Number of protein chains: 2
Amino acid sequence: MEQASRLAGTVRPGGRTARVRAAVLEATQDILVEYGFHGLTMDQVAARAGVGKTTVYRRWGSTPGLVADLMKELANQSSPHADTGDVERDLLANAVSVWEAVTDGRLGATLQAVIAAGTCDEEAADALRVFFTRRIDEWATVVDLAVKRGELPEGTDGGELIRAISAPLYYRLVVTREPVTRGDAERSVSRGLAAARAGAFVPDP
Amino acid sequence: MEQASRLAGTVRPGGRTARVRAAVLEATQDILVEYGFHGLTMDQVAARAGVGKTTVYRRWGSTPGLVADLMKELANQSSPHADTGDVERDLLANAVSVWEAVTDGRLGATLQAVIAAGTCDEEAADALRVFFTRRIDEWATVVDLAVKRGELPEGTDGGELIRAISAPLYYRLVVTREPVTRGDAERSVSRGLAAARAGAFVPDP
DNA sequence: CTACTAACGGGATGGGAGTCCCGTTAGGCG
DNA sequence: CGCCTAACGGGACTCCCATCCCGTTAGTAG
């Protein structure tokens, strides 16, 4: 038994354990939507989930831990990227999905909460990094395909282009706190695409 | 005396009151750098500032209130924008100043804290909006001048270009949590500029 | 220089969140 | 189908933070 069972919920992940996790994560998200990360407490989570307070502490340790786990859960629900054979349409699909996520009351609030948690907790920061870099890599493939089709210059950095297109939307969401519209998503795509066609996403030798 | 003195510190703003504010805001920033917004409490601020706890509550009300006031203070220290007569150089100066702010231990941590506070408090959110839209407007003038000089297409939206250049840096800082380098700032400028030259920042009719 | 009062400070109070102990429940193997 | 123990739950305990009351200090008008 040396150093086993460091993490509760790993030996008997079935049945009750899984139900508890689902209830806790849902309660966490509810509270995040309603009060934001700052208003999230272990106490409330346990109460709303109908679960013992001890359980929440044992399995998640802290509120950033809860948020990090929630992020991991959302990562698993991540929908696959589009691939229509037309870069502009693919990139627009990406931008629109970001816009929808950011605009959606539940998902948008959750994203903001995770971002807030990331500023003060390493585990939450890791969860963010993993979630987004993975998503970026997935979408970068549509750029790679476009390069192969000759729609964009050879050597165009797909990940950077995806980042450049998403960035202004998140920037508006959390930094300048301006409303984010579908038009912003569309403009972001056309700007990124214009720069890409000009070869601005091809790394210098 | 009707409804006067709603805000303490407005009738006798000299001497002690000013010293208290300076001490409190500095203590606030210290704690933000060390523990992040989540670890900021009125108690600690008062203790570190060497000030009565009651005073902090009376004048700022809550931790988001402290952060919002700190943001306003930083806004007043905002340095004026460059204007060298060359768009690329001006925009690079802007991007580099963002990079420096974001990279600087004290200022970077403070920015992240304010962003975190903005996710759960309307006053902090307002402070953010005001701070950034003002900064964006200031820098947008260098774009307007470049348009007048014929360096960029007629009708180019300066504010949007400034946003597009800053966004990827903040995106890396708080969303994907990747390291932000000077190279990122440089690339962001050349990409924004490429799109601008292609007319992607000219609004459709 | 003096009076008036804005603004500050100390300290008591209450409540809520984090931690711990131990009894109870139920998943999973034989 | 029954045992073993992983995992959960209740409740007591502690500590820290928000709030409040009232006495003290020091700007500022005259």
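Only this structure's heavy atoms are used, side chains among them; waters, hydrogens and symmetry mates stay out. Here is how names work: the chains are called A, B, and so on, in the same order as the sequence lines, proteins then strands, and each is numbered from 1. Since this is a predicted model, take the numbers as computed values, not measurements.
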Could you give the CZ-to-P distance, from R21(B) to dC8(C), as a whole number of Å?
-> 12 Å
Here the gap from E160(B) atom CD to I136(B) atom CD1, rounded to the nearest 0.5 Å, amounts to 8.5 Å
Should D126(A) and R129(A) count as an ion pair when the cut-off is N to O under 4.0 Å?
-> yes
Rounding to a whole Å, what distance do you find between M42(B):CE and dG9(C):C1'?
-> 15 Å
Which listed nucleotide (dT19(C), dA18(D), dC8(C)) is nearest to the side chain of R59(B)?
-> dC8(C)
Is any side-chain nitrogen or oxygen of Y57(B) closer than 4.0 Å to OP1 or OP2 of dA18(D)?
-> yes
Between NZ of K72(B) and CG of L25(B), what distance do you get to the nearest 0.5 Å?
-> 10.5 Å
Donor-acceptor contact present, side-chain D137(B) to main-chain R134(B), <3.5 Å | no
Distance, rounded to the nearest Å, where R16(B) contributes CZ and dT24(D) contributes P | 14 Å
Geometric class of the Y170(B)/F132(B) ring pair [parallel <30°, tilted 30-60°, perpendicular >60°] = perpendicular
Would you kindly give the CD-to-C1' distance between Q44(A) and dG18(C), to the nearest whole Å?
-> 14 Å
Of the nucleotides dC17(D), dC8(D), dG27(C), which has the atom closest to the R19(A) side chain?
-> dG27(C)
Polar side-chain contact T54(B)-dG10(C) base: donor and acceptor under 3.5 Å = yes
Nucleic acid contacts of residues 112-121 of chain A, taken as heavy-atom distances under 4.0 Å to DNA chain D = none
Verify the contact: side-chain N or O of T17(A) to OP1 or OP2 of dA7(D), cut-off strictly under 4.0 Å; return yes or no.
-> no
Given the side-chain rings of F37(A) and F37(B), with only the six-membered ring counted for Trp, is the space between their centroids under 6.0 Å?
-> no
Against the side chain of T55(A), the closest entry in dA17(C), dC8(C), dC8(D) is dC8(D)
Considering only dC17(D), dG18(C), dC8(C), which nucleotide approaches the side chain of T41(A) most closely?
-> dG18(C)
Rounded to the Å, how far apart are R58(A) CZ and dC20(C) C1'?
-> 11 Å
Side-chain contact check for V51(B): nearest option of dG9(C), dC17(D), dG9(D) is dG9(C)
Nearest-Å distance, CG (L66(B)) to C1' (dA18(D))?
-> 13 Å
Backbone N or O of G118(A) within a donor-acceptor pair of the R177(B) side chain at under 3.5 Å?
-> yes
Confirm from the modelled atom types if K53(A) and dG9(D) form a donor-acceptor pair under 3.5 Å, side chain to base only.
-> no
Rounded to whole angstroms, how far apart are CG on D43(B) and P on dT19(D)?
-> 11 Å
